[in-house]
Q: 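My questions will all concern the structure given below.
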Amino acid sequence: MLTLPPGFSDIAEEDESGRAVTTMKEREFNREEKWRKMARITAQTTVKGGGMTFSFDTCDPKVISRTWKGIPDRWRASAWHSFLSSSAKARGAHASDEDLMIRFQELQEQSSIDDVQIDLDVPRTINMHIMFRRRYRGGQRLLFRVLHALSLYFPETG
């Protein structure tokens, strides 16, 4: 059997890990492409900083199945916005995105009795993710702001 000379085993490991990474990237690209095909453009904004808004058919068995398998990072925000919007519309009690953004900004100005508990919980949340590694930075700060607003928006939940 052929073996690598001493000192060359690292090269073989790097080659194997490189193939594994390439395979993972291809799988993720294929998943993203499937989600792109399921997405329907609902709005295009020409305002600076705007973009496209997508919707998904929440009754489609493929959408349901692929959601359980995991939504690709690139599509996660659009998919959940679509899912929550369609759920709110079905219940008949929904506010526009603009109204919710205005309310969010208003809630940032208020203090919440739950802020201390939120401040304790946020660093423990997915702390291995790159966005959540540094205290009071990036993802931790954004998550705190969202949880702070939710604690005021739903006071009975806190």
Side-chain angles (χ1 to χ4, degrees), residues 12-108 112 114-115 117-154 157-158:
E13 288 176 10
E14 287 176 14
D15 189 41
E16 287 178 26
S17 66
R19 276 184 256 157
V21 168
T22 303
T23 303
M24 288 172 53
K25 284 181 180 178
E26 287 174 4
R27 284 183 61 207
E28 186 67 9
F29 177 78
N30 290 337
R31 289 178 63 233
E32 288 173 358
E33 188 61 22
K34 289 176 184 177
W35 278 85
R36 186 193 63 76
K37 289 177 182 175
M38 292 189 304
R40 292 186 311 257
I41 298 173
T42 54
Q44 271 185 307
T45 52
T46 56
V47 179
K48 183 180 179 185
M52 293 184 201
T53 306
F54 297 93
S55 67
F56 296 90
D57 181 5
T58 55
C59 297
D60 184 355
K62 279 187 179 180
V63 172
I64 295 167
S65 170
R66 289 179 179 156
T67 300
W68 280 105
K69 289 179 182 177
I71 303 170
D73 289 343
R74 182 174 288 170
W75 286 101
R76 193 166 293 138
S78 296
W80 280 109
H81 182 270
S82 173
F83 298 161
L84 293 172
S85 293
S86 64
S87 173
K89 287 177 186 173
R91 288 180 306 178
H94 76 316
S96 70
D97 290 346
E98 292 79 19
D99 293 339
L100 289 174
M101 286 188 275
I102 290 168
R103 184 72 178 125
F104 177 80
Q105 294 303 326
E106 291 170 356
L107 292 172
Q108 295 304 305
S112 170
D114 299 306
D115 281 349
Q117 186 61 47
I118 294 169
D119 190 47
L120 290 172
D121 291 339
V122 165
R124 296 184 281 193
T125 305
I126 52 177
N127 57 8
M128 296 306 291
H129 190 282
I130 193 165
M131 285 186 64
F132 292 89
R133 287 187 189 148
R134 297 188 59 198
R135 186 106 165 109
Y136 303 117
R137 300 285 174 109
Q140 285 193 15
R141 185 175 56 222
L142 295 172
L143 181 59
F144 180 89
R145 291 180 67 202
V146 169
L147 294 174
H148 168 82
L150 287 171
S151 73
L152 292 167
Y153 198 75
F154 299 108
T157 306

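Only heavy atoms go into these numbers, but all of them, side chains included; no hydrogens, no water, no symmetry mates.
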Q: Quick one, Lys25 with Glu28, criterion salt bridge (charged side-chain N to carboxylate O under 4.0 Å, His left out). Give me CA distance, side-chain angles, the key distance, then yes/no.
A: CA-CA 5 Å; Lys25 284 181 180 178; Glu28 186 67 9; over 6 Å; no

Q: Contact between Asp115 and Asp119 at the side-chain level, heavy atoms closer than 4.5 Å - yes or no?
A: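 Side chain of Asp115 against side chain of Asp119, heavy atoms only: no contact under 4.5 Å found.
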
Q: For the CG atom of Leu100 and the CG atom of Leu84, what is their distance to the nearest 0.5 Å?
A: 10.5 Å

Q: Using a 3.5 Å distance criterion without hydrogens, assess whether the side chain of Thr42 forms a donor-acceptor pair with backbone atoms of Thr53.
A: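 Side chain of Thr42 to backbone of Thr53: a pair is present.
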
Q: Mind listing the closest non-hydrogen atom pair of Gln108 and Ala149 along with its distance?
A: NE2-CB, 3.6 Å

Q: In terms of relative ring orientation, are His148 and Phe144 parallel, tilted or perpendicular, with 30° and 60° separating the classes?
A: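 Rings of His148 and Phe144: parallel, under 30°.
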
Q: Rounded at 0.5 Å granularity, tell me how far CZ in Arg40 sits from CE in Met52.
A: 15.5 Å

Q: Taking the side chain as C-beta and beyond, is there a heavy-atom pair between Asn30 and Glu33 under 4.5 Å?
A: no

Q: How far does NZ of Lys34 sit from NZ of Lys69, to the nearest 0.5 angstrom?
A: 6.0 Å

Q: Go through the steps to decide whether Thr67 and Phe56 satisfy the test side chain to side chain contact (heavy atoms under 4.5 Å, CB included), and finish with yes or no.
A: CA-CA 11 Å; Thr67 300; Phe56 296 90; over 6 Å; no

Q: So, for Leu152 and Leu107, which heavy atoms are closest and what is the spacing to 0.1 Å?
A: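 Leu152 and Leu107 have their closest heavy atoms at CD1-O, 3.4 Å.
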
Q: Using only atom types and a distance under 3.5 Å, with no angle test, would you say the side chain of Ser87 pairs donor to acceptor with the backbone of Phe83?
A: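 Here the side-chain-to-backbone pair does not exist.
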
Q: Within the 3.5 Å criterion, strictly below it, is a donor on Ser151 or Ser112 matched to an acceptor on the partner's side chain?
A: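 Judged by distance alone, the side chains do pair up.
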
Q: List the steps, then state whether side chain to side chain contact (heavy atoms under 4.5 Å, CB included) holds for Trp68 with Ile64.
A: CA-CA 6 Å; Trp68 280 105; Ile64 295 167; 3.9 Å; yes

Q: What's the separation between atom CZ in Arg124 and atom CG in Asp121, rounded to the nearest 0.5 Å?
A: 4.5 Å

Q: Minimum heavy-atom separation for Val146 to Phe104, with atom names?
A: CA-CE1, 4.0 Å

Q: Can any side-chain N or O of Ser85 pair as donor or acceptor with the backbone N or O of His81 at less than 3.5 Å?
A: yes

Q: Working to the nearest 0.5 angstrom, can you tell me the gap between Gln140 CD and Thr125 OG1?
A: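 Separation between the atoms: 8.0 Å.
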
Q: Testing Met38, Arg31, Arg36 one by one against Trp75 for a side-chain contact (heavy atoms from CB on, under 4.5 Å), which residue passes?
A: Arg36

Q: Around atom CD1 of Ile130, are there more than 12 heavy atoms from other residues, nucleotides or ligands closer than 6.0 Å?
A: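 Open.
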
Q: If every non-hydrogen atom of Asp73 is compared with every non-hydrogen atom of Arg76, which pair is closest and at what distance?
A: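 Heavy atoms of Asp73 and Arg76 come nearest at OD1-NH1, 2.8 Å.
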
Q: Looking at every heavy atom in both Phe54 and Ser78, which two are closest together, and how far apart are they?
A: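 Result for this residue pair: CD1-OG, 4.0 Å.
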
Q: How long is the span from the CD atom in Glu26 to the OG1 atom in Thr22, to the nearest 0.5 Å?
A: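 Result: 6.5 Å between the selected atoms.
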
Q: Side chains of Trp80 and Ile71: closer than 4.5 Å at any heavy-atom pair?
A: yes

